[in-house]
Visitor: 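Handing you this structure, nothing more for now.
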Amino acid sequence: MVANSTHLPQQALQWLCALLMALCLINVAHADQVTAALDKNVVAENEVVQLTIRTDFPNTGNGPDLSALKRDFEILGRSQNSQFSFNLGTNQALNFWVVTLMPKAIGNFQIPPIQVGDQASEPLFLEVKPAQQMTDRNGNPLVMLKFRADKSEPYVQQQVLITLELYTAVALQNASLSMPNHPNLLTERLVDDQMRYEDIDGTSYQVMTREYVAFPQRSGMLELNNQSVEALVNTRNGTRKINVKSTPITLNVLPIPASYGNSNWLPTDAVAVRSHISNTVSNPRVGDTLIWEIDITAQGVLGEQLPTLNFASTRAYKLYPTSPNFDTNKSISGVSGHESMRIEVVPTQSGPLELPTVDVTYWDPTSRSIKTASAKAPVIDVAPLPGTADATNSNDLSNNAAANANGGSSEVTNLPPQPTSVAPISLAKQRSTPATQATQPDNDSPAPLEVVVQPANDSSGAWKGVLAAGLIGIGLIGLGTWLWLRRKGREQDANNEDVPTLQEFAPLSHGNETQAYEALINGCRNNHLGTLQANLLEWARHRWGDGTIRGTDDIKRLADNPHLTQLLMEAELVMYSSAAATQWDGNALADALEEYVTGQAKPSQASQLKTLYPNF
């Protein structure tokens, strides 16, 4: 009995140790862990792969850390799901994350351990093979991208039409289409995208056409990179990402021809000019105001590229111009610029009013020659002032009357038609007739004169005639003197008065040309586009005089420097775009100004002109 009682406690102790060991194994089996798995271990290029991450513990923090995947993969999407279970008084939390990945290259890749909370998964391996082009059953590609320009050798600032066509035989998801862009190319969308359908070798494509208009800003070779479209496509093997590229475009941009002497560079195929003058009154006279309207339309250029015309006043008329209006119209065939000018014309002399011919010089890129579009307003007859015409007629009548009084052969019937107010002249003429003729009238004389003539022996009638003639003579002398003084004053005004200049409303702010030149260069170096025009005019007025400078076109004309003119035109184009005014680089213009002033060439520096219409 003693032996048996000793054996039983030892056996119970062994059972207790075995139970403790089993409990430890159970706790080890249910330790927190992170499990990662791929839906496929071999994929093709641009094929999507899904990574599933699982945890069996509730404290997951901010979820899995995916930063290690960004080096070799694009993370296209991420979703999460959670589950909870209760069994015999115990609970368990399961968390799932599904991450959609796109390999960035071809080869063998390792998906590193994914950290979730304090735990991490085991590494995984993925093989990415080159993908064959996606084609349909006819062997045609499912997606194509075509990229072309309407000309390969444009001139500087000449219009270039760029077309981008996307051919799709399948539905695209999350499509992203690139946009032509280059620092030396001003690019703008033309119209809305055009859609059509086209069959090619048995495959039906939906074709989306996107049109751009571009203006090269510098001469030389200019290459537009190949355009691309990225999208997701559903296939029988799953979702694939496609990245289709087009061929690039190379433009050989030609400079401004040396033979083009006009300061305003205008490359266009066609220019139309209209010059018209309208009357504000039915019968214009000296001093009336007429309206001179000028309209210029050019194909393939922006409205701001059209020249600003200047016309000077003459002795025959005064001109009072207003600021011109510029606008640009867009269509599927490109852009067209329009400029309208309105000038008030005040005639200062009577007679035919002939305004100057409106000439617009441009460069025809097709024939590669200089051409001029012209228009001339119709000639308008300007009548003199009413007082001037009456005085002339009165003098003529007085001369005829004096000739008859001296025994001339002129008869009353030969006088010009006169109004009733000239009756005193007939009295003066009859007063000089001898008395014998009064008592014995000539049978050939007109009867009305016999009725109004007073006898020569009537002293009262003679005195009244002398008095009336004297008053008429004094009036004519006074009227002639007034007209002579007025005409002389107008001629003096025509000689002295000129079109208002900058001096009348914008006094100079710098003491000399050197100070104005330094302010201009500093503004260009600091890219201050807002002060460029004021600084230019200030420097030009010091250099060439107030009476010569009215705008930047005068600076281009007087400088006679094609390179400086081109840079000024580039700056003017940027001025008209509020979206890109802060992106102007004035260093190239500053270099050109220094070369012009000093006469010493400087090393060329690339002028980076930003796009005027970003995200258009």
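Just so it is clear, the values below take in all heavy atoms, side chains as well, and ignore hydrogens, waters and symmetry mates.
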Visitor: What are the two closest heavy atoms between Leu164 and Phe147, and how far apart are they?
Guide: CD1-CD1, 3.6 Å

Visitor: With the threshold set at 4.0 Å, does a side-chain nitrogen-carboxylate oxygen contact exist between Asp554 and Arg557?
Guide: yes

Visitor: Tell me if the CZ atom of Arg342 is crowded by more than 12 foreign heavy atoms within 6.0 Å.
Guide: no

Visitor: I'd like to know if Glu344 pairs up with Lys318 as an ion pair, taking the criterion as any Lys NZ or Arg NE/NH1/NH2 lying under 4.0 Å from an Asp or Glu carboxylate oxygen.
Guide: no

Visitor: To the nearest 0.5 Å, how far apart are CG in Leu385 and CG in Asp288?
Guide: 8.5 Å

Visitor: Between Glu165 and Arg210, does any NZ, NE, NH1 or NH2 come within less than 4.0 Å of an OD or OE carboxylate oxygen?
Guide: no

Visitor: For side chain to side chain contact (heavy atoms under 4.5 Å, CB included), just list the numbers for Gln227 and Lys245, CA-CA rounded to whole Å, side-chain angles, deciding distance to a tenth of an Å, and then say yes or no.
Guide: CA-CA 6 Å; Gln227 302 302 295; Lys245 297 182 180 296; over 6 Å; no

Visitor: Does any non-hydrogen side-chain atom of Leu266 lie less than 4.5 Å from one of Val301?
Guide: yes

Visitor: For residues Ile555 and Asp553, determine if any side-chain heavy atom of one lies less than 4.5 Å from a side-chain heavy atom of the other.
Guide: no

Visitor: Under a 3.5 Å threshold, yes or no: a donor from one side chain and an acceptor from the other, between Thr348 and Arg315?
Guide: no

Visitor: Return yes when atom CG of Asn512 has more than 12 non-hydrogen atoms of other residues, nucleotides or ligands closer than 6.0 Å, and no otherwise.
Guide: yes

Visitor: If you define the side chain from C-beta out and look only at heavy atoms, does anything of Lys376 sit under 4.5 Å from Leu355?
Guide: no

Visitor: If we ignore hydrogens and angles and just use 3.5 Å, is the side chain of Thr328 paired with the main-chain N or O of Gly303 as donor and acceptor?
Guide: yes

Visitor: Can a side-chain donor-acceptor contact be found between Tyr205 and Glu198 if the only test is distance below 3.5 angstrom?
Guide: no

Visitor: Between Glu211 and Thr163, is a side-chain hydrogen bond (donor to acceptor under 3.5 Å, both in side chains) present by the stated rule, with each step listed?
Guide: CA-CA 5 Å; Glu211 298 284 352; Thr163 304; 2.9 Å; yes

Visitor: Do Ser367 and Ser369 get their side chains close enough for a donor-acceptor pair, meaning under 3.5 Å?
Guide: yes

Visitor: Can you tell me how far OH of Tyr155 sits from CG of Asp364, rounded to the nearest 0.5 angstrom?
Guide: 9.5 Å

Visitor: Can you label the angle between the Tyr596 ring and the Trp544 ring as parallel, tilted or perpendicular, going by 30° and 60°?
Guide: tilted

Visitor: Just checking, any donor-acceptor pair under 3.5 angstrom between side chains of Trp292 and Ser275?
Guide: yes

Visitor: In the structure I gave you, are the side-chain heavy atoms of Leu353 and Tyr317 within less than 4.5 Å of one another anywhere?
Guide: yes

Visitor: Going through the distances and angles, do Gln159 and Phe215 end up as a side chain to side chain contact (heavy atoms under 4.5 Å, CB included)?
Guide: CA-CA 5 Å; Gln159 171 184 268; Phe215 296 90; 3.8 Å; yes

Visitor: Between Asp295 and Ser340, do the side chains contain an N or O donor and an N or O acceptor separated by less than 3.5 Å?
Guide: no

Visitor: Run the salt-bridge test on Glu153 and Arg368 with the 4.0 Å N-O cut-off and return the result as yes or no.
Guide: yes

Visitor: If you define the side chain from C-beta out and look only at heavy atoms, does anything of Leu537 sit under 4.5 Å from Ile549?
Guide: yes

Visitor: Taking it one step at a time, do Thr372 and Ser374 satisfy side-chain hydrogen bond (donor to acceptor under 3.5 Å, both in side chains)?
Guide: CA-CA 6 Å; Thr372 301; Ser374 303; 5.9 Å; no

Visitor: So, do Leu190 and Ser331 sit near enough that their side-chain heavy atoms are less than 4.5 Å apart?
Guide: no

Visitor: Is it true that Arg525 and Glu594 have a side-chain N and a carboxylate O under 4.0 angstrom from each other?
Guide: yes

